[in-house]
Amino acid sequence: MKKTKEELNMKSLFIFFIPLGLSASLVTISHIIINSTLVRADNSEFILATYAIAMSLFGITERLGNLLRQTCSSLVRDKGSYKLMSHFSFYLIGSLMLVAFAVAYTPAGDFIFAKIFGAKETMVDDIKAIYQVLIFVTIFSALRCLAQGVIIYNRQTKWLTIGMVIRLAAMYLLSLYFIHTGHITGVSGAMIFLTGMIVECIISFIEARTLVRKMPPKHELKIESKKSIFKFYSPLMLSSVIVVMIGPAINIALGKTVNIELAIASYAIALSVTQLILSFFSYIHQIVINFYGEQNALVKKFLLVIGFVPCILVAILAYTPLGGLFFEHVIGVNGRLLDASIQVFKVTMLMALVFPFVDYFNGLLMVYKRTKVTIFSQSANFVVTLISLVIGVNFAAQWNGVIGAIGLSLGLLAELIVVSSFVQAYERKEGIAMFQLRGLLKAGKNR
């Protein structure tokens, strides 16, 4: 049950937030389980490459399914709206399946994997076999996000962590089976992933159904039709498509640096560590969606407390001996790659500083039902990233992987400027108390 306004405090927000952060961080372990299984195969390099290419395309459709989590937690308030959201989700999943099956079972897939992703002809059949399993991962991933939207709105976030832990256990047991039998292929990795996703989906749906039964038949903030859901969802979908293009653009730019291999490798390593840190803080928008209307000052105080932590963590690793030890002994890099990775990692401090505040303002857009703004903010991100990459490649190609980190960080900063400017203008127009830094500092003094 939800707490009343009087009962809400900073402890309430942390109890809500920490399980979300843990579940996001644990996702990394699920991929480690799969990769550590595939690396034991006789032809591990070939298998890892085919699995990675199949996963890169899968990531696009899964991202669109994952948006159901934010959409559901923002819009579902009663049994009627849950029913509408369920119907919308089935239509969305059906559309994604049509596209996915076309890729997996027609010559279109051969063209996409061979020409666009650059896979060798000997790899295409294996990639398609893996992708044929990943199609079903998309289904259960989207359904899981629908259920988790209900769970998050009802503030039972511990179930996300519980579901993820049980998912990891199931994946690990299946990986042990494949290792013990020696039957390890790219499809084995996909099967491990699918098994884990089915388990997490079942757990999430059991809890969600229990919560839905306790919801009122109708709520004052009810949604009227699937059209209103699509109006909320479609800008998030389009902005996600824009985001997907940023990664390939950076990789293309790094391919034009002085030392291509060092640039790409150091950027990938540094970014993976930064994303590992940021993943824990990637649910700040859910704090806004679920608490902002009740106690705005408390939400702003929470942002002040939590918002600078990612930057501090990156700074500690980047500018103390701990960073070198972590990259060398945990990540496993050394020599010039170690030095280059830390240089790139230092630049991602800006990204770590900006990210929580971008997520906060994106949460406000969802509260205000103004998700269309994300198209403009993500476009600004993409354009500024491209400009930074072009300038970097033409005037400082010797910076190698640092160019990618600069482009990514400045792009995110541009996104923050656009989204915060819109929110402030909207709040001024609507007479809502604006988000201001001095307001945050004042809230911090009152803690």
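Residues take their numbers from the sequence shown, with the count starting at 1.
Within the 4.5 Å cutoff, side-chain heavy atoms of F205 are placed close to those of L146. At a threshold of 4.5 Å between non-hydrogen side-chain atoms, the residues R63 and V244 count as touching. No side-chain heavy atom of F422 sits less than 4.5 Å from a side-chain heavy atom of V419. Two residues are said to be in side-chain contact when any heavy atoms from C-beta on lie closer than 4.5 Å; M55 and Y131 fail this criterion. Contact check for H285 versus F361: no side-chain heavy atoms found under the 4.5 Å cut-off. Taking the side chain as every heavy atom from C-beta outward, I151 and S204 approach each other to under 4.5 Å. Taking the side chain as every heavy atom from C-beta outward, M351 and L271 approach each other to under 4.5 Å. Between I269 and L337, some side-chain heavy-atom pair lies under the 4.5 Å cut-off.
The minimum heavy-atom distance between I277 and F281, with the atom names listed, is O-CD1, 3.2 Å. Between V347 and S409, the shortest heavy-atom contact is O-OG, 3.5 Å. When all heavy atoms of V418 and S377 are compared, the pair lying nearest together is CG1-CA, 3.8 Å. Nearest heavy atom pair, residue F327 against residue F345, reads CZ-CG, 3.8 Å. Nearest heavy atom pair, residue T385 against residue G407, reads OG1-O, 3.2 Å. Shortest non-hydrogen contact noted between S239 and Q378 is CB-CG, 3.4 Å.
At least one donor-acceptor pair under 3.5 Å links the side chain of D359 to the backbone N or O of I284. Here the side chain of T50 pairs no donor or acceptor atom with the backbone of M123 at under 3.5 angstrom. Side-chain atoms of T257 do not come within 3.5 Å of backbone N or O of N400 as any donor-acceptor pair. Between the side chain of E415 and the backbone N or O of N381 there is no donor-acceptor pair closer than 3.5 Å. Without hydrogens or angle criteria, S74 side chain to T71 main chain gives no donor-acceptor distance under 3.5 Å. Using a distance-only test at 3.5 Å, with no hydrogens or angles considered, a donor-acceptor pair links the side chain of D78 to the main chain of G80. Side-chain N or O atoms of T210 include one that pairs as donor or acceptor with a backbone N or O of I206 at under 3.5 Å. Side chain of Y233 to backbone of L64: a donor-acceptor contact under 3.5 angstrom is found. The closest donor-acceptor contact from the side chain of T185 to the backbone of S188 lies under 3.5 Å.
Atoms NZ and NE2, on K83 and H87 in that order, are 5.5 Å from each other to the nearest 0.5 Å. Separating the CG atom in L160 from the CD atom in E207 is a distance of 10.0 Å, to the nearest 0.5 Å. S81 OG to L75 CG: the interatomic distance, rounded to the nearest 0.5 Å, is 8.0 Å. Atom NE2 of H31 is separated from atom OG of S36 by 12.5 Å, given to the nearest 0.5 angstrom.
In this structure, R155 satisfies the cation-pi test against F291, with its NZ or CZ atom closer than 6.0 Å to the six-membered ring centre and inside 45 degrees of the ring normal.
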Item checked: Working for side chain to side chain contact (heavy atoms under 4.5 Å, CB included), residues S279 and V27 -> CA-CA 9 Å; S279 64; V27 170; over 6 Å; no
Next item on the list: Evaluate the criterion side chain to side chain contact (heavy atoms under 4.5 Å, CB included) for residue pair I152 and I289; output intermediate values, then yes/no.
Entry: CA-CA 10 Å; I152 291 170; I289 291 171; over 6 Å; no
Note to self: F46 vs Y51, test: side chain to side chain contact (heavy atoms under 4.5 Å, CB included). Steps then yes/no.
What the structure shows: CA-CA 9 Å; F46 177 85; Y51 181 78; over 6 Å; no
Next item on the list: Applying side-chain hydrogen bond (donor to acceptor under 3.5 Å, both in side chains), run through T138 and E62 and close with a yes or a no.
Entry: CA-CA 5 Å; T138 302; E62 190 195 31; over 6 Å; no
Next item on the list: In sequence, state the C-alpha distance, the side-chain angles, and the governing distance for Y91 and F230, and then conclude on ring pair (Phe, Tyr, Trp, His ring centres under 6.0 Å).
Entry: CA-CA 11 Å; Y91 287 132; F230 185 74; over 10 Å; no
Check: Between M215 and Y153, is a side chain to side chain contact (heavy atoms under 4.5 Å, CB included) present by the stated rule, with each step listed?
Finding: CA-CA 11 Å; M215 282 184 168; Y153 169 67; 4.0 Å; yes
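Other residues, nucleotides and ligands place no more than 12 heavy atoms under 6.0 Å from the NZ atom of K372.
K115 and D110 are not joined by a salt bridge, as no carboxylate oxygen comes within less than 4.0 angstrom of a charged side-chain nitrogen.
Donor-acceptor pairing under 3.5 Å is recorded for the side chains of Q286 and S73. A donor-acceptor pair shorter than 3.5 Å can be found between the side chains of E200 and Q148.
Relative orientation of the F17 and F280 rings is perpendicular, given thresholds of 30° and 60° on the angle between their planes. Ring planes of Y368 and Y426: tilted class, angle from 30 to 60°.
Of the options V358, N362, L364, a side-chain contact (heavy atoms from CB on, under 4.5 Å) to Y360 is made by L364 and by none of the others.
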